Amino acid sequence: MSGLGKGILAASIARILKTHGYKVAPIKFDGYLNVDCGTMNPFRHGEVFVLDDGGEVDMDFGTYERFLNTSITSKSSITGGKIFRLLLDKERKGEYLGRDVQMVPHLTSEIKERVKDVGEESKADIVLVEVGGTVGDIENGYFIEAMRQLSLDEDTLFIQLTYVPSLSPGEQKTKPTQHANRLIRSLGVKPEIVMCREQEPLSKEAREKIALFCDVPQENVFDDPMVPTVYALPQMLEKQDFYNSIAKRFHLRKTKVPVGIWNRMVKRIIRPSKRKLRVGIVGKYTAVKDAYVSVKEAIVHASAANNVFSEVVFVESTEIEKQGTKLLSNLDAIIVPGGFGKRGIEGKIAAIRHARKNKIPFLGLCLGLQMMVIEYARDVCGLEGANSGEIDKATPYQVIALLPEQMRIEEKGGTMRLGSYPCEVKPDSRAFACYKKKLIHERHRHRWEVNPQYVEQLEGAGLVISGKSPNKGIVEMVEWQESFGIGTQAHPELKSRLEDPAPLFVGVIKAALERRKEKKKKLEKKE
Ligand code: GLN
């Protein structure tokens, strides 16, 4: 069933297998007919996640990468749109000449091939497939059928994720699980493990009933409990001896899990030091929980690395336009994330000015960098009305211009500057102090860039250009001299992992801590 945290559960299972020494290739099926997520609005579908190879995929891939600490390729994302497109292209080429093309076997075979390909190419020991949606949906029916067929060729284990509601405390209902189980079995798929999401730990009776009606041993019924942080889920499952159930079935090695950096970081998240920061994300989808997941997670990682707890405060940029920057009071750091279109832009610019004037540590991501440049152009270079061509075509100073290669592009899907690109970092810059490297690679998703015609003027006025793409000279990073403020054309949040936090996020949190310390010192002096 969707909406139960299937992505986090799948990623946790992958993580558990990894810590026991197995290579896992995650795959996700999404039933919608979009070829990828690139054309979807975050309001409807949450954040669009971008992979190294430029694939614009479901945000669950962010969870996989964060949990596995590896980069995944877009082949792992199998959508209805992708599969249908492949099939129809083949049909037009005449590859099925003389035959009628059918859901079974043609579409399902295509899916099976993709799954086998991912497993073979990545040399994985185990392929872990997450089927999006709810059993019984039209959207994922053909994926479930493909998996049933696959189980005839391969050693396959099915896991059912189900919801066990409580009508009142202590009164857990297992009927929905029983019916869902019956439904999936009628499709020829028999789950051997049942994972239960619930509001309270699974009672003995509920466990017994589920085991009986779903035809699994009781030790294969697991609690998928509420967790203080998603990163704690692998440990919670390990406590229930989850690995053992899979190991038995697949004849895997019994190994001891080393207590690595992961566990230390989880401890820091669950029991943070007393130090507390308030970090503001100024965006326009702040009402949608999932629109800025990667940014939020990158803050979690960077805070754990600095051994501090950061409360994330979402500030709606259109509200700043109405109510002013008082909405930003008491923030220790401000982040302006990526975005598209005109709405809320002036609020973001106001937030950046507020950060610069008050020396509040600032990080601008993609659109955040572009707005940082506009703010600087208007206030420091005196270019009144400076703007991005995306927002105001008639601006007298188009300091953010369309990338030359974007000029002839009309199709919207998959045509931005996408994926991993290199950047040369300026020595002695704030960015260099964060990355400690001259050449870095981050992921991108944009059409616009800092207009090369204004670079000299911006630099002359004091804006530091701290990163450029090696061959094209695209401005990749800018920063303020007077206080910590870095803008990046990339999305470093997409590569932030609990075990390897994004350097710019670690930097902004560190700067926020230092500013706190200094403020405290000043106060003490006064007293
Ligand atoms: N809209 C801007 C562009 O296309 C920024 C994109 C983003 O923030 N990802 O360049």
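Here, residue 1 is the first one in the sequence, and each next residue gets the next number. Fair warning: this is a prediction, and the values are worked out from it, not measured in the lab. Counting starts at 1 for both ligands and their atoms, in listed order.
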(request) For residues 346-370, pull every pair meeting ring pair (Phe, Tyr, Trp, His ring centres under 6.0 Å), keeping only residues two or more places apart or in separate chains. (result)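 Only Phe362-Trp480 qualify under ring pair (Phe, Tyr, Trp, His ring centres under 6.0 Å).
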
(message) Show every ring pair (Phe, Tyr, Trp, His ring centres under 6.0 Å) that has at least one partner inside residues 284-331, sequence neighbours left out.
(response) Phe43-Tyr285, Tyr231-His301

(request) Tell me the residues surrounding ligand 1, counting only those with a heavy atom closer than 4.0 angstrom, sorted by chain and number. (result)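 For ligand 1, the residues that come within the 4.0 Å heavy-atom cutoff are Gly338, Gly339, Phe340, Cys366, Leu367, Gln370, Glu390, Arg445, His446, Arg447, Trp448, His491.
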
(message) Would you say Ser294 and Glu47 are linked by a side-chain donor-acceptor pair, where the criterion is simply a distance under 3.5 Å?
(response) yes

(message) Quick one: does any side-chain atom of Thr79 pair with a main-chain N or O of Val35 as donor and acceptor, under 3.5 Å?
(response) yes

(request) Describe, in one word, how the ring planes of Phe29 and Phe143 are oriented to each other, choosing from parallel (under 30°), tilted (30 to 60°) and perpendicular (over 60°). (result) parallel

Expected list for residues 396-413: side-chain donor-acceptor pairs under 3.5 angstrom, two or more places apart:
| from | atom 1 | to | atom 2 | distance (Å) |
| --- | --- | --- | --- | --- |
| Gln406 | OE1 | Arg447 | NH1 | 3.0 |
| Gln406 | NE2 | Thr415 | O | 2.9 |

